[in-house]
2 protein chains.
Amino acid sequence: MTTINDIAKMANVSRTTVSRVLNNNGYVSEEVRKRIIQIVEETGYIPSLSAKSLRTKKSGVIGVIIPRIDTETASRVVSGINEVVAKENFQILLTDTELDKQKEIEYIRLLQSRHVDGIILLATNINDHLISTIQDVELPFISLGQDLPGVTSILYDDYHAAVDMINMLVSKGHERIAFIGVSEEDPSVGVLRKKGYLDALAKYGYAVKDSWLETGDFSIESGYEAMKKIIKNSDKELPTAVFVVTDRMAIGAMEYLREQGFRIPEDVAVVGIGASTMSQYVTPSLTTVDYFNKEAGQKAAQLLLEQLKQKKEKEKFVQTYRLIKRDSV
Amino acid sequence: MTTINDIAKMANVSRTTVSRVLNNNGYVSEEVRKRIIQIVEETGYIPSLSAKSLRTKKSGVIGVIIPRIDTETASRVVSGINEVVAKENFQILLTDTELDKQKEIEYIRLLQSRHVDGIILLATNINDHLISTIQDVELPFISLGQDLPGVTSILYDDYHAAVDMINMLVSKGHERIAFIGVSEEDPSVGVLRKKGYLDALAKYGYAVKDSWLETGDFSIESGYEAMKKIIKNSDKELPTAVFVVTDRMAIGAMEYLREQGFRIPEDVAVVGIGASTMSQYVTPSLTTVDYFNKEAGQKAAQLLLEQLKQKKEKEKFVQTYRLIKRDSV
DNA sequence: CTGAAAGCGCTTACAG
DNA sequence: CTGAAAGCGCTTACAG
């Protein structure tokens, strides 16, 4: 492999000088510069960024930890992150926990050993081990989607999005509203969205039957199963609407309702969260909340880049959202 | 930052010995090993993989180049790659060309300078500059989805998938079949799928009207627009079916047809390729081809890992596929 | 079983 | 304007 030393020899200069023209800093005579550049091109020399990074303590790599890459939410976020960092010539080192909590912690350590310049974490839960691991990280660190104590976090407004959704359903005359959520290990999706739902209904004084509350695991199938349970267990007190905390599970719920001959929205209205592409093209089109995932990713990347330039206070940013009314209500 | 030297001092041994216990090779007395391990844990020492990589010439990182991360195809492939490489403790360095051909070449060079151990490319086109750039790469290199000369390639069976689809439509009685493709700069999606369509129809002796041929740019909207043009320009010779080379464009085409009051499939049948999640949940559900993208990603990763262990001949692998018949036909 | 030394490919004060 | 030297944090023959 060609190294800076080879180039130096071929150009009859020191590697110091080669380094100067490569990085475009320091004085180099025009003549020498040209000679070196020509040799670099002829040889197809590619500098070793590992060596550079060892020396400069900067890698130009951002570590990203996501729960699953093959979901629309995650891929939008990653796309947003990439757009921003690529402009500054950073790349993404991608790690996928496959929903394994333990791996979130492992990957935080791994990314440090790989000398990334900063880390963006899309967490799915909060626990003490995770938090203490993050405290020890000396790199810029951004949490996206979960409010991690002591960490700069970009948050979706889960609580208010849920409240708005319930308000909208109530304004349409619904009083019996069921709920399909996820595990409460997930503070944002599992706890906050549920709290918004419960609080909003409580405000109106509408009761929530136990049989109307089910949880899934983010998959379409689990939405289908949850809906089935709700219908089976509700006897004559069927809900007239169901609030599902993700679009995918909402699609599953719709699927079950359709199979059973319920009309949507006449018999049961269905709403989700996420503004997936699918939500727009299913029939009836799904009422949902757009969280602007890509923009959230961009924001996370921008914050990280800023922190790279100067240490900043830890802050919390709440993203805006938009309720999209469609035909499922 | 703690380094191997710090650990060595604290343990009263040489850094050679520390390296030995860290990498678990060479003889170290049990007593010394324990002492070192304890100190490593106490200090939370994280070895520098950049330094290690500079020395060993191996980074444990696989470079992946994709045209867009926020598409289902790409994210499935990346997920498949990740599953396989993560098991061997490799990570993915992700680069997204955003459909910019020039960036494919830039990123190949960049990944080399970052000393990745191998590269997987999802190309969208083939050109001389790209090919010559790849020839110069001395790392294991896999192309996924395009047949690059002289490069180990994993291919979808675009030609036969298209032929099968047309055969199926013909068997349902269709003789007037329109086509929505993409730019022929893309040999796999643009050329092969179109060739399959044309050849199959020619075999039956069915004519193809010019007004039945349109192209899009992979987006849902472009499918909508292409369908619109076909309908507008076909006057009284409307097709009874349309073969769209991607699911997303097919969804757009369905959208337009529905808006115009065409019944699917009674007035016009629609088929796609890709087996997107959406294809299953739109109404009517879309007949499509499953390319098993995730498995293709896994296969690519396995091949790369094998090549890492031993140089291999360049080979071509054609993936299997499955036609999924649904209600849009 | 253990250590001293060389070296991976760079950058950066420092000196001239 | 240019170069010699030191050093980033590791691993690996080699010697003992």
Side-chain angles (χ1 to χ4, degrees), chain A residues 1-37 39-40 43-61 89 109-117 138-139, chain B residues 1-37 39-40 43-61 89 109-117 138-139:
Chain A
M1 213 189 56
T2 319
T3 73
I4 196 171
N5 282 312
D6 303 327
I7 304 292
K9 266 180 216 151
M10 295 171 78
N12 270 318
V13 294
S14 73
R15 61 174 182 258
T16 310
T17 305
V18 177
S19 175
R20 283 201 187 95
V21 348
L22 254 26
N23 295 294
N24 225 337
N25 68 26
Y27 302 95
V28 180
S29 71
E30 201 46 37
E31 188 220 323
V32 172
R33 156 168 281 119
K34 276 189 184 147
R35 196 162 75 228
I36 292 176
I37 286 180
I39 293 176
V40 165
T43 53
Y45 163 65
I46 301 181
S48 160
L49 256 30
S50 329
K52 180 168 182 166
S53 134
L54 178 60
R55 180 59 223 246
T56 60
K57 304 285 161 204
K58 285 173 194 157
S59 62
V61 174
N89 295 316
R109 287 182 59 85
L110 176 85
L111 291 172
Q112 289 177 271
S113 76
R114 287 211 180 280
H115 286 292
V116 299
D117 290 336
E138 287 163 7
L139 302 167
Chain B
M1 215 187 58
T2 319
T3 74
I4 196 171
N5 282 312
D6 303 327
I7 304 293
K9 266 180 217 149
M10 294 170 77
N12 271 320
V13 294
S14 72
R15 61 174 183 259
T16 309
T17 305
V18 177
S19 174
R20 284 201 186 94
V21 348
L22 254 27
N23 295 294
N24 226 337
N25 68 26
Y27 302 96
V28 181
S29 71
E30 201 46 39
E31 188 221 323
V32 171
R33 157 169 278 119
K34 276 190 184 147
R35 196 162 76 227
I36 292 176
I37 286 181
I39 293 176
V40 165
T43 53
Y45 163 65
I46 301 180
S48 161
L49 257 30
S50 329
K52 180 168 183 167
S53 135
L54 178 60
R55 180 59 223 245
T56 60
K57 303 286 162 203
K58 285 174 193 156
S59 63
V61 174
N89 294 317
R109 287 182 60 85
L110 177 84
L111 290 172
Q112 289 177 271
S113 75
R114 288 212 179 279
H115 287 292
V116 298
D117 290 337
E138 287 164 7
L139 302 167

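Chain naming here is simple, since letters A, B, ... match the order of the sequence lines and numbering starts at 1 in each. This structure is a prediction, so every number in the text was calculated from the model and none was measured.
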Residue pair A/Val61, A/Arg114: steps toward the side-chain contact (heavy atoms from CB on, under 4.5 Å) verdict: CA-CA 9 Å; A/Val61 174; A/Arg114 287 211 180 280; over 6 Å; no

Donor-acceptor pair (no angle test) under 3.5 Å: A/Arg20 side chain, D/dG3 base: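 Present.
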
Donor-acceptor pair under 3.5 Å, A/Arg15 side chain vs C/dT11 base: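 Such a pair exists between side chain and base.
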
When you measure from the side-chain N and O atoms of [X] to the phosphate of [N], is any distance below 4.0 Å, counting only OP1 and OP2?
X       : N      : answer
A/Ser48 : C/dG9  : no
A/Lys57 : D/dG9  : yes
A/Tyr45 : C/dG9  : no
B/Ser19 : D/dT11 : yes
A/Thr56 : D/dC8  : no

Non-hydrogen side-chain atoms of A/Lys52 and A/Leu49 separated by less than 4.5 Å: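 Contact flag for A/Lys52/A/Leu49 side chains = yes.
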
Validation row: A/His115, B/Ser48 side chains within 4.5 angstrom (heavy atoms):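 With C-beta onward as the side chain, the pair touches.
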
Selected nucleotide, minimal atom distance to B/Ala51 side chain, candidates D/dG3, D/dC10, C/dC1: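 The answer is D/dC10, which lies nearest to the side chain.
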
Please report, rounded to the nearest Å, how far the [atom2] atom of [N] is from the [atom1] atom of [X].
X        : N      : atom1 : atom2 : answer
A/Ile7   : C/dG9  : CD1   : C1'   : 12 Å
B/Ile36  : C/dG3  : CD1   : P     : 8 Å
A/Arg55  : D/dC10 : CZ    : P     : 16 Å
A/Asn25  : C/dT11 : CG    : P     : 9 Å
A/His115 : D/dG9  : NE2   : C1'   : 8 Å
A/Lys9   : D/dT2  : NZ    : C1'   : 19 Å
A/Lys58  : D/dC8  : NZ    : P     : 17 Å
A/Asp6   : C/dC10 : CG    : P     : 9 Å

Reference residue B/Glu31; test salt bridge (charged side-chain N to carboxylate O under 4.0 Å, His left out); the match among B/Lys34, B/Arg35, B/Arg33: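 That would be B/Arg35; it is the only one of B/Lys34, B/Arg35, B/Arg33 passing the salt bridge (charged side-chain N to carboxylate O under 4.0 Å, His left out) with B/Glu31.
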
B/Ile7: which of B/Val13, B/Leu22, B/Thr17, B/Val18 passes side-chain contact (heavy atoms from CB on, under 4.5 Å):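 By the side-chain contact (heavy atoms from CB on, under 4.5 Å) criterion, B/Ile7 pairs with just one of B/Val13, B/Leu22, B/Thr17, B/Val18: B/Val18.
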
Touch class at under 4.0 angstrom, heavy-atom based, for A/Asn23 against every strand present: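 The residue A/Asn23 makes sugar-phosphate contact but no base contact.
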
First of B/Asn12 and B/Leu54 reached from the 5' end of DNA chain C, by closest nucleotide: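 Nearest nucleotide further toward 5': that of B/Asn12.
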
Residue whose nearest DNA chain D nucleotide is more 5′ - B/Thr3 or B/Thr16: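 Nearest-nucleotide comparison on DNA chain D picks B/Thr3.
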
Criterion side-chain contact (heavy atoms from CB on, under 4.5 Å) on A/Asp6 and A/Tyr45, from CA distance to verdict: CA-CA 9 Å; A/Asp6 303 327; A/Tyr45 163 65; over 6 Å; no

Complementary nucleotide of D/dA4, counting Watson-Crick and G-U pairs under 3.5 Å: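 The base-pairing partner of D/dA4, which may sit in any strand shown, does not exist here.
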
Watson-Crick or G-U wobble partner of D/dA13, both distances under 3.5 Å: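 WC or wobble partner does not exist here.
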
